[in-house]
Amino acid sequence: MILSVVASILAGVLCGTLGYYVERLGVVTLCFSVAHAALAGAALAMILGTDMTLTAASFSVCLAFLMGLALRSLTRMRELASMAFFSAFNAIALLMIYISNTTVLATASISSVLWGSVLVTTPLKLAIMISVLAAFLLYTTSFKEQLEAILFDKKLAEAEGIDVRVHILAILLFVGAAIALTLKLTGGFLVFSLLYNPMAASMVVSKRANIQMILSPIIGSSSSLSGLMLSYLLDWPVGACITVSSVIVLAVAAVSRYAANSLLARRAASEQPEPEMGPLRAPR
Amino acid sequence: MEPPGGEAVSLSGVWVSYSGSGRPAIVDAFLSVRKREFVLITGPNGAGKTTLVETCLGILRPLRGRALLLGVDTCSRRIMTARKECSYVPQDFMRPPHDYYTAEQVIRFGLASLKEQPPREVIEEVTRELEIDRLLKRPIGTLSGGQQQRVFLARALIRKPRVLFLDEPFSSLDEGFRRRIAEMLRSEVDESYTAVVMVSHDTSPVRDLADRVVLMSDGRVKSLDRVEGLG
């Protein structure tokens with residue numbers, strides 16, 4: 001249980017931080033297809049009998065690498081290519097599940113691929129997750145100035161000689177690895193919720209990027225942990241519980257923001273002095 | 001200091017087209033900008049001026065023809081190295097009010113790709129000349145359009161580029177600053193051997209300072225010798 005708790009917190013921090021970069025770099029749909037490549041890899045592992053995380057990682061990292069390389073030539077086609085990959089990998093995943101030897105959908109291996117499981121965290125996988133998080137933090141610290149310059153203005157950074165494509169490729173590779181690692185915790189169909197929902201909630205809370213960068217991993221880890229607890233208490237699938245938690249956080253953030261905006265607008269209106277009306281003149 | 005001579009930018013028979021557009025944005029363009037030359041590119045809206053600058057920088061790739069920046073083919077991987085020796089002031093520089101980066105950070109981002117950082121005095125001198133030295137700690141989004149534009153100009157000048165590309169750099173500046181910055185650019189060309197490629201609708205501040213004017217119309221480049229040739 002402790003392993004699962006630690007893994008869920010780390011997954012939330014990793015995906016929450018990556019989500020910040022994914023959104024700011026404008027590669028949301030690209031990462032969506034990378035997530036589904038991991039799902040296809042995990043489903044294929046059931047047939048091949050290979051390690052699920054490793055096979056998922058090889059699929060997601062390979063796709064991330066290919067998409068990163070093709071970034072420049074795809075240009076306007078990028079979003080459509082991402083969706084084509086998404087549907088293709090979804091189809092592969094469903095076919096693999098269909099032709100796998102398991103007969104019931106609720107069997108342990110399939111259920112862990114589809115909706116996640118708290119029982120899958122091993123010390124080795126936790127160590128790998130810590131390593132990926134450490135590598136990612138090292139990367140963002142080492143290239144802090146360049147990454148900030150890209151996030152500030154991608155085109156200007158490119159014009160000044162920063163290799164924007166290489167940095168996007170690096171982020172995509174980290175996304176590929178993070179998704180493969182969290183896939184068995186949240187399940188293949190919901191893995192991207194940990195990537196996007198915390199960032200979406202932080203964007204609702206604040207427009208300032210520096211606050212979003214801090215909030216996104218905090219929301220990610222707290223959603224992940226609360227989802228895990230919910231799953232433990234209610235005996236529900238962990239992936240769905242984590243997703244529901246993150247959606248609740250997003251909804252609460254949106255409602256709070258709306259309420260705060262309305263309150264501020266009302267207060268501003270009440271503080272405004274009444275305009276003095278001059279004497280009415282009869283029209284000529 | 002590097003001696004003058006050689007080409008900073010060279011376009012030969014360049015065609016550029018945006019994907020999905022039936023009409024090419026640049027048609028059979030020939031352009032040569034020498035080092036230590038101040039070139040003004042002007043023309044009506046939609047003539048392809050910004051596209052031309054982005055092609056020179058290698059942000060846009062030619063469909064046909066060849067573009068060289070400091071002797072490097074813009075399609076080759078080495079263009080990254082050439083770009084490190086260039087600066088660019090984009091046309092769409094305005095930041096939203098919630099942009100929290102300070103003016104100083106924005107200037108520092110411009111130095112992120114450089115191996116050798118310019119001395120502190122250079123930053124102080126340029127920011128003082130552009131009268132933004134007291135604004136450095138303020139978030140960029142809270143500055144006026146003119147102040148933001150001067151921050152981007154400072155970022156470009158502090159890099160001490162060999163080629164400086166400016167896209168409508170006077171759009172938010174008043175008459176006094178336009179003239180003062182035009183003179184700063186002229187002295188960059190004369191003293192630092194920088195090649196300046198400036199896109200501007202407003203030719204008046206640089207009328208007597210530019211070496212050559214390039215007139216663009218419908219994606220075609222028409223070179224004039226002097227500014228007097230205009231209109």
*Within a reach of under 6.0 Å around CZ of B/Phe30, are more than 12 heavy atoms found that belong to other residues, nucleotides or ligands?*
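Counting neighbours around CZ of B/Phe30, more than 12 heavy atoms of other residues, nucleotides or ligands fall under 6.0 Å, so yes.
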*With the side chain counted from C-beta on, respond yes when B/Phe109 and A/Ile150 share a heavy-atom pair under 4.5 Å apart, and no when they do not.*
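SC-SC contact between B/Phe109 and A/Ile150 ruled out.
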*chain A: which of B/Lys84, B/Arg95, B/Arg108, B/Glu54 shares the most heavy-atom pairs with it under 4.5 Å?*
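The answer is B/Arg95.
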*asked:* Between B/Tyr100, B/Phe152, B/Phe165, who has the most heavy-atom pairs with chain A when the cutoff is under 4.5 Å?
replied: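 Most pairs with chain A among the choices: B/Tyr100.
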*Where does A/Lys144 contact chain B at under 4.5 Å (heavy atoms): side chain, backbone, both or neither?*
neither
Separation between [atom1] of [X] and [atom2] of [Y], rounded to the nearest 0.5 Å:
X	Y	atom1	atom2	value
A/Lys154	B/Ile59	NZ	CD1	12.5 Å
A/Glu160	B/Leu114	CD	CG	8.0 Å
B/Met80	A/Ile162	CE	CD1	9.5 Å

*Measure across B/Ser113 and A/Gln146 and return the closest heavy-atom pair with its distance rounded to 0.1 Å.*
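Closest pair (atom of B/Ser113, atom of A/Gln146, distance): CA-NE2, 4.5 Å.
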_Looking at A/Asp163 and B/Arg83, is any side-chain nitrogen of the basic one under 4.0 Å from a carboxylate oxygen of the acidic one?_
no
*Considering only heavy atoms, which portion of B/Ile140 lies under 4.5 Å from any heavy atom of chain A: side chain, backbone, both, or neither?*
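It is the side chain, since no backbone atom gets that close.
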*Region of B/Phe93 in contact with chain A, defined by heavy-atom distances below 4.5 Å*: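 It is neither, since no heavy atom gets under 4.5 Å.
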_Is the terminal nitrogen or CZ of A/Arg208 (NZ for Lys, CZ for Arg) located under 6.0 angstrom from the six-membered ring centre of B/Tyr101 and within 45° of that ring's axis?_
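No, cation not above the ring by the 6.0 Å, 45° rule.
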